[in-house]
2 protein chains.
Amino acid sequence: MGATKTDHFTDQQNQIATIAKALGHPARVAIIEHLLKVNTCICGDIVNELPLAQPTVSQHLKELKNAGLIKGSIEGNAICYCIDEKTFEVLKNYFSKIITTVSKQNCC
Amino acid sequence: MGATKTDHFTDQQNQIATIAKALGHPARVAIIEHLLKVNTCICGDIVNELPLAQPTVSQHLKELKNAGLIKGSIEGNAICYCIDEKTFEVLKNYFSKIITTVSKQNCC
DNA sequence: TTATTATATTGCAATATTACGATAAAGATT
DNA sequence: AATCTTTATCGTAATATTGCAATATAATAA
């Protein structure tokens, strides 16, 4: 089929999957890393940094924004994109919890 | 096109994207959470826990295994699946680094 | 007003993913 | 051996994703 049965899973499972999915493409990981590197929100040079056409980059930015990983604000005729720390913290805390729980297990 | 241009990105970017992609489906997140909950590696009841057919679950398990998120060992005619802590630590450390770097930025 | 610049949207082709029935493979049980 | 149990693979249909050319939108500059 191809359609994911999201309604069979918990809200948290869907939330983690949605965020992880957004990071499930190297171009989007590269966008995040570029936003980190420039250390400022005057973005718009992202297109020049990536080996992808402008509409493709725009689409990836949209997906990162929908997942809550970045936020964008209009600055004149350009748009300023920034990393949304909160969502990364959701991920970090989730994985921390997994690691802690696994460590307590006494098998394997 | 649909084909991802992995060769244009760094090894780390591809690695993070591959792992994140594997977690980018609620069924696979649910599998991870079930492995945590049972606190043992006598798996095989995963199929009964999920609203998906056996071949579908098997496919999801394969993807989690390929991404290094779980490991499986043969136990008689059953297979014992476990969480592979190391890969989750890769993710946690990666996100921790992002959060630390963002915190140092003075914009937005 | 007419460019120019920056980003988004549309439309479409190529490819990937998801899901599952049918079937295969392999060890366990009778 | 014949059967059962467990998991994997194949084949295929439905849907989603990726990428980009063309075009649209919106603010700025000339």
Side-chain angles (χ1 to χ4, degrees), chain A residues 1-9 13-14 17-31 34-35 38 40-67 70-82, chain B residues 1-9 13-14 17-31 34-35 38 40-67 70-82:
Chain A
M1 296 208 178
T4 301
K5 297 181 169 177
T6 52
D7 45 314
H8 292 306
F9 303 101
Q13 284 163 355
N14 284 316
T18 301
I19 304 172
K21 193 175 185 178
L23 285 171
H25 193 291
R28 293 194 285 265
V29 174
I31 288 172
H34 183 68
L35 285 177
V38 294
T40 164
C41 295
I42 307 155
C43 309
D45 55 345
I46 301 170
V47 175
N48 306 316
E49 289 288 319
L50 292 177
L52 295 167
Q54 180 268 322
T56 309
V57 174
S58 182
Q59 199 175 265
H60 283 310
L61 286 167
K62 191 181 175 185
E63 279 174 67
L64 286 170
K65 200 174 161 191
N66 286 342
I70 62 173
K71 46 192 172 179
S73 54
I74 299 164
E75 296 278 342
N77 71 336
I79 291 184
C80 149
Y81 280 112
C82 293
Chain B
M1 294 207 178
T4 299
K5 297 182 170 178
T6 52
D7 47 313
H8 292 306
F9 303 101
Q13 284 163 357
N14 283 315
T18 301
I19 304 171
K21 193 176 186 178
L23 285 171
H25 193 290
R28 294 195 285 266
V29 175
I31 289 172
H34 184 67
L35 285 178
V38 294
T40 164
C41 295
I42 308 154
C43 310
D45 55 343
I46 301 170
V47 174
N48 307 315
E49 288 289 320
L50 293 176
L52 295 167
Q54 180 269 321
T56 309
V57 174
S58 182
Q59 198 174 266
H60 283 311
L61 287 166
K62 191 180 173 185
E63 279 175 67
L64 286 170
K65 201 174 160 191
N66 286 341
I70 61 173
K71 46 192 172 180
S73 53
I74 299 164
E75 297 277 341
N77 72 336
I79 291 185
C80 150
Y81 280 112
C82 293

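Per chain, numbering begins at 1; letters A, B, ... match sequence-line order. None of the values given here were measured: they were computed from a predicted structure.
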Open item on the list: Tell me which residues in residues 55-64 of chain A lie within less than 4.0 Å of DNA chain C, going by non-hydrogen atoms.
Closed with: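 Hits under 4.0 Å, by residue number: A:Pro55, A:Ser58, A:Lys62.
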Roughly how many Å is it from [atom1] in [X] to [atom2] in [N], rounded to a whole number?
{"X": "A:Ile79", "N": "D:dA26", "atom1": "CD1", "atom2": "C1'", "answer": "10 Å"}
{"X": "B:Leu52", "N": "C:dT18", "atom1": "CG", "atom2": "P", "answer": "11 Å"}
{"X": "A:Arg28", "N": "D:dG19", "atom1": "CZ", "atom2": "C1'", "answer": "12 Å"}
{"X": "B:Leu50", "N": "C:dC20", "atom1": "CG", "atom2": "C1'", "answer": "15 Å"}
{"X": "A:Phe9", "N": "C:dT18", "atom1": "CZ", "atom2": "P", "answer": "11 Å"}
{"X": "B:Ile46", "N": "D:dT6", "atom1": "CD1", "atom2": "P", "answer": "13 Å"}
{"X": "B:Lys21", "N": "D:dT17", "atom1": "NZ", "atom2": "P", "answer": "11 Å"}

Task: DNA chain D: 5'-proximal contact among A:Ala53 and A:Gly76 (nearest heavy atom) - done: A:Ala53
Between [X] and [Y], what is the shortest heavy-atom contact and its length?
{"X": "A:Ala17", "Y": "B:Pro26", "value": "CB-N, 3.4 Å"}
{"X": "B:Leu61", "Y": "B:Tyr81", "value": "CD1-CE1, 3.7 Å"}
{"X": "A:Ala27", "Y": "A:Leu52", "value": "CB-CD1, 3.6 Å"}
{"X": "B:Ala67", "Y": "B:Ala22", "value": "CB-CB, 3.4 Å"}
{"X": "B:Pro51", "Y": "A:His8", "value": "CG-CB, 3.3 Å"}
{"X": "A:Leu23", "Y": "A:Val29", "value": "O-CG2, 3.3 Å"}

Closest listed nucleotide, where the reference is the side chain of [X] and the choices are [options]:
{"X": "B:Gln54", "options": "C:dT7, D:dT17, D:dA8", "result": "D:dA8"}
{"X": "A:Tyr81", "options": "C:dT7, D:dT7, D:dT17", "result": "C:dT7"}
{"X": "A:His25", "options": "C:dT7, D:dA8, D:dG19", "result": "D:dG19"}

Protein-nucleic acid N or O pairs under 3.5 Å, nucleotides 2-5 of chain C:
residue : atom : partner : partner atom : Å
C:dT5   : O2   : A:Asn77 : ND2          : 3.1

- [ ] Only pairs at least two apart or in different chains count here, so list each side chain to side chain donor-acceptor pair (under 3.5 Å) that has a residue in residues 52-65 of chain B.
- [x] B:Arg28-B:His60, B:Arg28-B:Glu63
TODO: Assign B:Lys65 to base, sugar-phosphate, or nothing according to its heavy-atom contacts below 4.0 angstrom with the strands shown.
DONE: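 Nothing, no nucleic acid heavy atom in range.
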- [ ] Please examine the side chains of A:Leu35 and A:Ile46, heavy atoms only from C-beta on, and report whether any two atoms are closer than 4.5 Å.
- [x]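 Contact flag for A:Ile46/A:Leu35 side chains = yes.
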- [ ] Supply the atom-to-atom distance A:Asp45 CG to A:Leu50 CG, rounded to the nearest 0.5 angstrom.
- [x]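 That separation rounds to 9.5 Å.
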